[in-house]
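Computed from a predicted model, the values in this text were never measured in an experiment.
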Amino acid sequence: MNTTPQPDPKDRPARLTVGVVGAGRVGPALAASLQLAGHRPVAVSGVSDASRRRAAALLPDVPLVAPAEVLQRAELVLLTVPDDALPGLVTGLAETGSVRPGQLLVHTSGRYGAKVLDPALRAGALPLALHPAMTFTGTPVDVQRLAGCSFGVTAPEELRLAAEALVIEMGGEPEWIAEERRPLYHAALALGANHLVTLVAQSMELLRTAGVTAPDRMLGPLLGAALDNALRSGDAALTGPVARGDAGTVAAHIEELRAHAPQAVAGYVAMACATADRALDHGLLKAELAEDLLGVLAETPGPSEKPGPADTDGPDDTDGPEGDAR
């Protein structure tokens, strides 16, 4: 093991001054990570009390100033604001003359590529889109989590090396995403990460209703193994009553959910349908078992429908405004 004392980051010559516009959960963590790589945070903007607390915790002694002043002080500026606010912010900074030629302007939106920074590009800025594929807490643990984290990188070809170098300095792994693929890339991450939180939270609530006193302890090993299997094997990792074609079990699940958590029925049915389709496509679900299973799922009312009396008008009832419930 190397026991040679390592220099304190504060003693290294700073290569770039760094500013943060939007002290949400992401910006201060990225700036703190860049500081560990030898860069020097010099300014941060934040409006809410929570933003100011995050900035104080992750970037102590860095002054809180207005966004325009952040750009005046910094050579590298992180624009870490919500997606919907980003285009207006960029346009406003460019129109007010806040953007300086040669300034590195980095946004962290997953949705947008580099083109959203075109107003700043016309003012002479160097545009980079660096999106960390990570969930953030707004605490110092986020800096540690950046080690090995993938970043979706989009930038003009001539800035590609600079963008990838910044990601590597933050401990991340650059993954090049084409401009036109950014929305699809972001949708994939939201589907996997954001919806996972909803599914886990719903599962914990149902377990509590079923009398489980420590649902987190019960789910931890199960979900950890399921995630590991899915990442290793994809659809081959599918298990459970849908993949087996146990229509009776699925029907019992839906009945219990209707009684105890009706708000969870639509999500259960939607995911069961998607799981059944994938299991069929990959030969895990036998066709002869799929018919009864899909019949159970098709009979379940959608989120805006309520069960009604039996319809005697024949098969044409699915052609009306409501469409196919499944």
Side-chain angles (χ1 to χ4, degrees), residues 20-22 24-31 33-34 76-91 104-121 125-138 142-143 145-200 223 226-235 237 267 270-271 274-275 277-278 281-282:
V20 179
V21 176
R25 297 183 180 186
V26 179
L30 297 188
S33 183
L34 287 168
L76 165 61
V77 179
L78 303 174
L79 303 179
T80 52
V81 297
D83 290 356
D84 288 351
L86 182 61
L89 172 66
V90 175
T91 299
L104 283 165
L105 213 57
V106 177
H107 80 70
T108 58
S109 166
R111 170 185 171 187
Y112 293 108
K115 286 190 178 300
V116 73
L117 298 173
D118 276 355
L121 174 64
L126 306 177
L128 307 175
L130 308 179
H131 175 251
M134 177 55 62
T135 182
F136 288 78
T137 64
D142 295 332
V143 180
R145 287 180 173 174
L146 287 174
C149 167
S150 291
F151 279 66
V153 178
T154 307
E157 187 62 32
E158 61 271 21
L159 295 176
R160 180 168 182 158
L161 290 179
E164 292 177 345
L166 285 172
V167 170
I168 291 170
E169 286 187 324
M170 288 186 282
E173 296 286 343
E175 184 73 38
W176 196 256
I177 308 294
E179 180 79 30
E180 66 275 12
R181 295 297 188 188
R182 292 289 291 207
L184 179 61
Y185 151 80
H186 195 224
L189 295 180
L191 184 67
N194 302 156
H195 297 172
L196 175 64
V197 174
T198 301
L199 290 172
V200 173
L223 298 185
L227 177 60
D228 183 64
N229 291 342
L231 292 174
R232 291 174 183 270
S233 305
D235 288 299
M271 290 304 299
T275 300
D277 288 343
R278 299 189 74 88
D281 289 344
H282 289 79

**OP:** Specify the closest pair of heavy atoms between Pro156 and Pro127, including all atoms of both residues, with the distance to one decimal.
**Re:** CD-O, 3.3 Å

**OP:** Indicate yes or no: at least one non-hydrogen side-chain atom of Leu128 is less than 4.5 angstrom from one of Leu104.
**Re:** yes

**OP:** Considering only NZ, NE, NH1 and NH2 on the basic side and carboxylate oxygens on the acidic side, decide whether Arg278 and Asp235 come within less than 4.0 Å.
**Re:** yes

Original post:
Does any non-hydrogen side-chain atom of Leu79 lie less than 4.5 Å from one of Val77?
Top reply: yes

Original post:
For Asp281, does the CG atom sit with more than 12 other heavy atoms under 6.0 Å from it, leaving out its own atoms?
Top reply: yes

Original post:
Should the heavy atoms of other residues, nucleotides or ligands under 6.0 Å from CD of Glu175 be counted, would the total exceed 12?
Top reply: no

Original post:
Quick one: does Phe151's side chain get under 4.5 Å of Pro132's, heavy atoms only?
Top reply: yes

Original post:
Roughly how far, to the nearest 0.5 Å, is CH2 of Trp176 from CD of Glu157?
Top reply: 6.0 Å

Original post:
With a cut-off of 6.0 Å (strictly less than), are more than 12 heavy atoms of other residues, nucleotides or ligands near CZ of Arg25?
Top reply: no

Original post:
Under 6.0 Å between ring centres, would you say that holds for His131 and Tyr112?
Top reply: no

Subject >> Ala129 versus Ala114, closest heavy-atom pair with distance >> reply: CB-N, 4.1 Å

**OP:** Determine whether Val21 and Leu78 make a side-chain contact, defined as any pair of heavy atoms from C-beta on separated by less than 4.5 Å.
**Re:** no

Original post:
Side chain of Thr80, backbone of Val26: donor and acceptor closer than 3.5 Å?
Top reply: no

**OP:** Mark yes when over 12 heavy atoms from residues, nucleotides or ligands other than Leu161 sit less than 6.0 Å from its CG; otherwise mark no.
**Re:** no

Original post:
So which heavy atom on His107 is nearest to which on Ser109, and how close?
Top reply: ND1-N, 3.0 Å

Original post:
Minimum heavy-atom separation for Pro28 to Val20, with atom names?
Top reply: N-CG1, 4.4 Å

Original post:
Considering only heavy atoms from C-beta outward, does the side chain of Met170 approach that of Leu34 to under 4.5 Å?
Top reply: yes

Original post:
Is there a donor-acceptor pair under 3.5 Å between the side chain of Glu179 and the backbone N or O of Lys115?
Top reply: yes

**OP:** Take Thr198 and Asn194 through the test side-chain contact (heavy atoms from CB on, under 4.5 Å) and record every step on the way to the result.
**Re:** CA-CA 7 Å; Thr198 301; Asn194 302 156; over 6 Å; no

Original post:
Tell me, do Val197 and Thr135 make a side-chain contact under 4.5 Å, heavy atoms counted?
Top reply: no

Original post:
Could you state the interatomic distance from CD (Glu173) to CD (Glu164), rounded to the nearest 0.5 Å?
Top reply: 10.5 Å

Original post:
Distance-only, no hydrogens or angles: does the Ser33 side chain make a donor-acceptor pair with backbone N or O of Ala29 under 3.5 Å?
Top reply: no

**OP:** Look up atom CG in Asp228 and atom CG in Leu223, then write down how far apart they are to the nearest 0.5 Å.
**Re:** 12.5 Å

**OP:** Locate the shortest heavy-atom distance separating Ala133 from Leu189; write the atom from each residue and the value.
**Re:** CB-CD1, 4.1 Å

Original post:
Got Leu105 and Leu126 here, is their nearest side-chain heavy-atom distance under 4.5 Å?
Top reply: no

**OP:** Taking all heavy atoms of Val116 and all of Pro119, pick out the closest pair and write down the distance.
**Re:** O-CD, 3.6 Å

Subject >> Heavy-atom side-chain contact between Phe136 and Thr108 under 4.5 Å >> reply: no

**OP:** Could you tell me whether the side chains of Arg182 and Thr154 share a donor-acceptor contact shorter than 3.5 Å?
**Re:** yes

**OP:** Take Ile177 and His186, measure what side-chain contact (heavy atoms from CB on, under 4.5 Å) needs, and give me the verdict at the end.
**Re:** CA-CA 10 Å; Ile177 308 294; His186 195 224; over 6 Å; no

